[in-house]
Colleague: 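Below are the C-alpha cells for one structure; questions will follow.
Letters A, B, ... are given to chains in the order of the sequence lines, protein chains preceding strands, and every chain is numbered from 1.
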Number of protein chains: 2
Amino acid sequence: MAARHEEIAEELRRAIDREDYTVGSLLPAETELAAHYGVSRGTVRQAIAALTTEGLIGSRQGARRVVLAGRRSQSFTELCSFAQWAHAMGREATGHVVSSAYHPATPEDSERLQLPLGTRVLHILRVRGLGGRRVLLERTVYADWIAPAVERIEPECPSVTQRLYEDEGLVFAYGEYLIDAVAAGAQDAELLGVRRTSPLLRVRRVTTTRAGRPVEWSEDRYRSDAVSFSVHNSTGNNALARKTGPAMS
Amino acid sequence: MAARHEEIAEELRRAIDREDYTVGSLLPAETELAAHYGVSRGTVRQAIAALTTEGLIGSRQGARRVVLAGRRSQSFTELCSFAQWAHAMGREATGHVVSSAYHPATPEDSERLQLPLGTRVLHILRVRGLGGRRVLLERTVYADWIAPAVERIEPECPSVTQRLYEDEGLVFAYGEYLIDAVAAGAQDAELLGVRRTSPLLRVRRVTTTRAGRPVEWSEDRYRSDAVSFSVHNSTGNNALARKTGPAMS
DNA sequence: GAGTGGTCTAGACCACAAG
DNA sequence: TTGTGGTCTAGACCACTCA
C-alpha cells in the first residue's frame, strides 16, 4: 500500500496527463486539494513537492501553482536498466557480452567504487540493441563484491539489472551521470556499425545502493541518432550542472 | 534573511564540504539535529530534503542518512547564464552576435514558446568564448514580448541573462534540456574553429519565467573537449530521462 | 484586503534497520 | 528491542500576488 501523499501525487500526474490541467493553467489551492482528498495541508504539500522536483509544476509564494509540463518522466529504475526502459516503451532490448575479464583496480576504479587500490574488479564490454539495431556500447566495471554474481549471468541476458535484483536483491538507488560527446573509435565503429569519427553520446556514470555503496561504474556510448537524454531543472531543483572538459582545465 | 531551514541546509553543505562528514559516513539523527539547531523536526527534514534533491545525501527508513557526494552542484542561475557560470569558476566569458533577425514563428517555435503561429520571433546566433577559446554556438529564438529588450543589448554583451534581469527584471526559473551529440556542420566548424564532422554536444532547451511563461528556446552546440554536463539522480528524484532519437521513432 | 503559498511547531503513530 | 526515518495532523503566522 502506497503512502497517501504518493497516491495523491499519482492522481495529480494522471490529471495533468489527461489534460484536466493543461500546460500553463493553474492548479487548485492547497486548501482545496486538502479538502478534496480529505487530508491535511501538509500531506498535499508533500504530494506537490514530488511533482515539483519532477519539473511538472512550478510555484511562487502568493500565486497559484502553474502546470509547466505534461510529459511524465520515467522512473530511476528505467534509467538504470536499459531493458526495463525499452520494455516501458514497448520495444525489445538485447544484450551481448563482447569481453569479460578481471583486472586490478586502477586509482580511478578505486576512487569511483570506493575500493582499495588493486582490488580485482570485473570489466565487461557489452553491446546493447533496441528493436534489432545496435545502439549502445557499455564498458562497465563491477565492484569485487558483486562481480561473482555478474559472472554467473549468461552473456546474452537482456537485463542484468533485473537479474541482480532477482538473484541478489540488489537495488540501484543513486546515480551520478557525466554526459559529453566523443568521436567513434575503431572498436566503437565496428561494434555499433557506424563510421569511424561518427559523433557518439558518452555517459560516464556511477551507480550505488541505498546505503551509498558503489556497485558499478560505466562508460556508455550511444549512437547519437538513436538515443538522447532529457533533464528538467528549476531554481528549486538543480540536478543538472555544466562542467569544463579536460581541454579547459 | 533566509529561512531557517535554508540556513541549516547551508550549514550542512559546508560541513560536508569541510569533510566533517566524509562521503560514506552517517549524518546525525533528525532529533539530534533538531536539538542542536533549536528547531522542530519538520524544519530539519525540510533542510535535509534540499540536500537530498541535490544528490548529496541518501536515506532509507530505519537507518541513518548517508553522505553520498561531497561536491556542491551549481545553482540554476549558473546553468542558465554562461557568463555567470564562467564567473563562478574564475574565468571570463565572451559573447559575439553573428546574426540577428526576425522570422515568423514556425509550428516548432509556436509550440515551444506557446505563441500563436506566425508571431514574429527573434533568431540570434551567438558564439560564446571561455578564457579566450570559442566553445559554444547558441542558436536562440526569443519570444516576441522579450525580443525588443534583447535587441537593445549590444552585440558583444557577455551576459544576456544578467542584462535581461537588470533591464527588465526577468528571472529564469524553469528549464527543460534535451541532450545529444551531433557532427559539426560547415558553419559550426568555421565558427567554433573545429574540423567538420567533429563531435559536438548538443543541448536543446526551453527556459521559462516563474509564472511558467516560455521566454526563449535554444539549440546550443558545445565543443566536446571543452564542456560536459553532470546530473545527480536517485529513486526519489528522477530529473534525468533517456529518450529515443528521431532515427528510432 | 482577500487569497495563496512558505515557514514552523508539537505531537502522534508506523515501518523498517540493526544489534 | 531500540532507534531511526517516513507519514500525517491541526494549527499558527508571515510574505507575497493580484484584483
Colleague: Between A:F229 and A:Y222, is the ring centre distance below 6.0 Å?
Modeller: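 Distance test on ring centres: under 6.0 Å, yes.
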
Colleague: Hey, which of these two, B:L27 or A:R4, hits DNA chain D nearer its 5' end, going by closest nucleotide?
Modeller: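 The residue whose closest nucleotide sits nearer the 5' end is B:L27.
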
Colleague: Can we say A:E108 and A:R204 salt-bridge, meaning some charged N sits less than 4.0 Å from an Asp/Glu carboxylate O?
Modeller: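 Here A:E108 does not pair with A:R204 in a salt bridge, since their nearest N and O are not under 4.0 Å apart.
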
Colleague: With a 4.0 Å cut-off on N to O distance, would you call B:R112 and B:E176 a salt bridge?
Modeller: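 Here B:R112 does not pair with B:E176 in a salt bridge, since their nearest N and O are not under 4.0 Å apart.
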
Colleague: Among C:dT7, D:dC8, D:dG5, find the nucleotide with the atom closest to the side chain of B:E6.
Modeller: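 Nearest nucleotide to the side chain: C:dT7.
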
Colleague: What is the distance, to the nearest angstrom, from the CZ atom on B:R45 to the P atom on C:dT7?
Modeller: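 So the two atoms are 16 Å apart, to the nearest Å.
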
Colleague: If I take atom CD in residue B:E30 and atom P in nucleotide D:dT7, what distance separates them, rounded to the nearest angstrom?
Modeller: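 Answer to the nearest Å: 11 Å.
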
Colleague: Take atom OH of A:Y37 and atom P of D:dT7, then tell me their distance rounded to the nearest Å.
Modeller: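 That distance rounds to 18 Å.
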
Colleague: Just how far is it from atom CG of B:L170 to atom CZ of B:R210, taken to the nearest 0.5 Å?
Modeller: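 Going from the CG atom of B:L170 to the CZ atom of B:R210 covers 9.5 Å.
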
Colleague: In whole angstrom, give the distance that lies between atom NE2 of A:H5 and atom C1' of C:dC14.
Modeller: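 Distance, rounded to whole Å: 13 Å.
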
Colleague: Send over the distance from B:R65 CZ to C:dA17 P, rounded to a whole Å.
Modeller: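 Checked: the CZ to P distance equals 15 Å.
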
Colleague: Among B:L27, B:L26, B:V66, B:L12, find the one that has a side chain to side chain contact (heavy atoms under 4.5 Å, CB included) with B:I57.
Modeller: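 The residue from B:L27, B:L26, B:V66, B:L12 that satisfies side chain to side chain contact (heavy atoms under 4.5 Å, CB included) with B:I57 turns out to be B:L27.
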
Colleague: For B:I57 and D:dT4, give me the distance from atom CD1 to atom P, rounded to whole Å.
Modeller: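 My rounded result for the distance is 16 Å.
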
Colleague: Who passes side chain to side chain contact (heavy atoms under 4.5 Å, CB included) against A:S40, sequence neighbours left out?
Modeller: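 A:T43.
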
Colleague: In B/S/- notation, 5' to 3', how is nucleotides 9-19 of chain D contacted by protein heavy atoms closer than 4.0 Å?
Modeller: B--B--BBBS-

Colleague: In whole angstroms, how far is the P atom of D:dG3 from the CG atom of B:L26?
Modeller: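 Spelled out: CG on B:L26 to P on D:dG3 is 16 Å.
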
